[in-house]
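Heads up: the structure comes next, in structure tokens.
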Amino acid sequence: MPIYPVSGTFPTGSTALNSGVGSVGAAQDASAINGLDATPTTGASSFGNVIDGLQSLQGQSQDLAVKAVTGSLDDVHTATIAATRAQVTMELVAAVRNKGVDAFNEIMRMQA
């Protein structure tokens, strides 16, 4: 399984994206699968864009959960996938934030 750089884009139709996941569709790229833009960004707005994407995923997850509970959603799997997507993205954002805070604290310790 190839490992792609975080700042790069994922190849379209990669078999690595579809292996072990079931039938996702070869025409989808990583940005379509995880709901976030996988293109590299620069500057301080990069983390902000990820936060915006996370909020969007959480909103979609909540909307689908309400539809699933009220019975207006035909496929409950869609709500489950959306909830898992939002949860995993939240865990990733928290881990990146924690690493950033740890790096900042380490730099402050070196200066003292």
Hphob cluster co-occupancy, Leu92 + Ile51, side-chain heavy atoms under 4.5 angstrom: yes
Just verifying a value: how many Å separate Ile81 CD1 and Asp75 CG, rounded to the nearest 0.5 Å? 7.5 Å
Is there a path of hydrophobic side-chain contacts, each under 4.5 Å between heavy atoms of I/L/V/M/F/W/Y residues, joining Val96 to Val50? yes
The criterion is salt bridge (charged side-chain N to carboxylate O under 4.0 Å, His left out); which residues satisfy it with Glu106, sequence neighbours excluded? Arg109
Is there a side-chain contact between Asp63 and Gln60 (heavy atoms, below 4.5 Å)? no
Which atom names give the shortest non-hydrogen contact between Ser61 and Ala83, and what distance separates them? OG-CA, 3.2 Å
Got a second to check how far Leu57's CG is from Thr89's OG1, nearest 0.5 Å? 5.0 Å
Is Leu54 reachable from Phe47 through a run of hydrophobic residues whose side-chain heavy atoms are each under 4.5 Å from the next? yes
Any sub-3.5 Å donor-acceptor pair from Thr80's side-chain atoms to Val76's backbone N or O? yes
Would you compute the distance between atom OG of Ser56 and atom CG of Asn49 and round it to the nearest 0.5 angstrom? 12.0 Å
Check the surroundings of atom CG in Asp74: do more than 12 heavy atoms from other residues, nucleotides or ligands lie under 6.0 Å from it? no
If you take all heavy atoms of Ala68 and Ala79, which pair is closest and at what distance? CB-CB, 4.2 Å
